[in-house]
Amino acid sequence: MTIKRHTKKWWDEKLGRKNDRSNDLLSCPFCGTIASFGTINYADKSDIAKMNGQSIYHYVACQLCGANNRGIIGYKTQLEAKEHWDTRI
């Protein structure tokens, strides 16, 4: 099986996006495809929501291979998720 790597420009054209600067995430470190934000909604009465004071968490995921930085519960803000995704060690 061969996985074809597409550029951000290819995905923008495929998805009909015009100069969309809202997603300034780095591409996937594994396959090179663009990434996007995702959210996780926990029930307000869940232990996670009670312990952390919020029920919505954020993460970044590759649109092709599914690699993500969700971890166990996600990040409290999109900015925090973006900073962790864009950090390459």
Side-chain angles (χ1 to χ4, degrees):
M1 181 171 114
T2 303
I3 296 175
K4 188 173 184 179
R5 295 181 184 186
H6 298 290
T7 63
K8 182 175 182 341
K9 181 180 176 185
W10 185 91
W11 278 102
D12 286 344
E13 291 171 2
K14 179 88 171 164
L15 299 173
R17 295 188 295 222
K18 306 262 190 237
N19 297 323
D20 182 12
R21 300 297 297 171
S22 63
N23 184 1
D24 286 334
L25 297 164
L26 291 178
S27 59
C28 177
F30 303 105
C31 73
T33 305
I34 63 170
S36 60
F37 289 103
T39 57
I40 308 155
N41 297 308
Y42 294 101
D44 290 333
K45 295 181 181 181
S46 70
D47 290 337
I48 292 171
K50 289 178 185 176
M51 290 184 335
N52 297 302
Q54 73 181 58
S55 60
I56 299 175
Y57 290 85
H58 307 274
Y59 65 96
V60 177
C62 173
Q63 293 183 2
L64 179 64
C65 74
N68 67 71
N69 69 349
R70 178 179 169 193
I72 296 174
I73 63 171
Y75 296 96
K76 290 189 173 190
T77 66
Q78 273 192 348
L79 179 60
E80 189 179 3
K82 177 188 182 331
E83 289 172 350
H84 282 87
W85 177 262
D86 288 347
T87 300
R88 306 293 163 92
I89 299 174

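Residues take their numbers from the sequence shown, with the count starting at 1.
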Which value, rounded to the nearest 0.5 Å, describes the distance between [X] atom [atom1] and [Y] atom [atom2]?
| X | Y | atom1 | atom2 | result |
| --- | --- | --- | --- | --- |
| Y57 | N41 | OH | CG | 11.5 Å |
| L26 | K82 | CG | NZ | 6.5 Å |
| N52 | D47 | CG | CG | 10.5 Å |
| C28 | I34 | SG | CD1 | 11.0 Å |
| N68 | S36 | CG | OG | 10.5 Å |
| Q78 | I56 | CD | CD1 | 11.0 Å |

Assign the ring pair H84 / Y75 to parallel, tilted or perpendicular, where the plane angle (0 to 90°) is split at 30° and 60°.
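Rings of H84 and Y75: parallel, under 30°.
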If you take all heavy atoms of [X] and [Y], which pair is closest and at what distance?
| X | Y | result |
| --- | --- | --- |
| R70 | Y59 | CA-CB, 3.7 Å |
| I73 | I40 | O-CD1, 3.6 Å |
| I72 | Y42 | O-OH, 3.6 Å |
| C62 | W85 | N-CH2, 4.2 Å |
| V60 | A35 | CG1-CB, 3.6 Å |
| A67 | F30 | CB-CD1, 3.6 Å |

Looking at Q63 and T33, would you say the former's side chain and the latter's main chain have a donor-acceptor pair under 3.5 Å?
no
Does any N or O in the side chain of D44 come within less than 3.5 Å of the main-chain N or O of S55, such that one atom is a donor and the other an acceptor?
no
Please lay out, stage by stage, how Q54 and K76 fare under the test side-chain contact (heavy atoms from CB on, under 4.5 Å).
CA-CA 8 Å; Q54 73 181 58; K76 290 189 173 190; 3.8 Å; yes
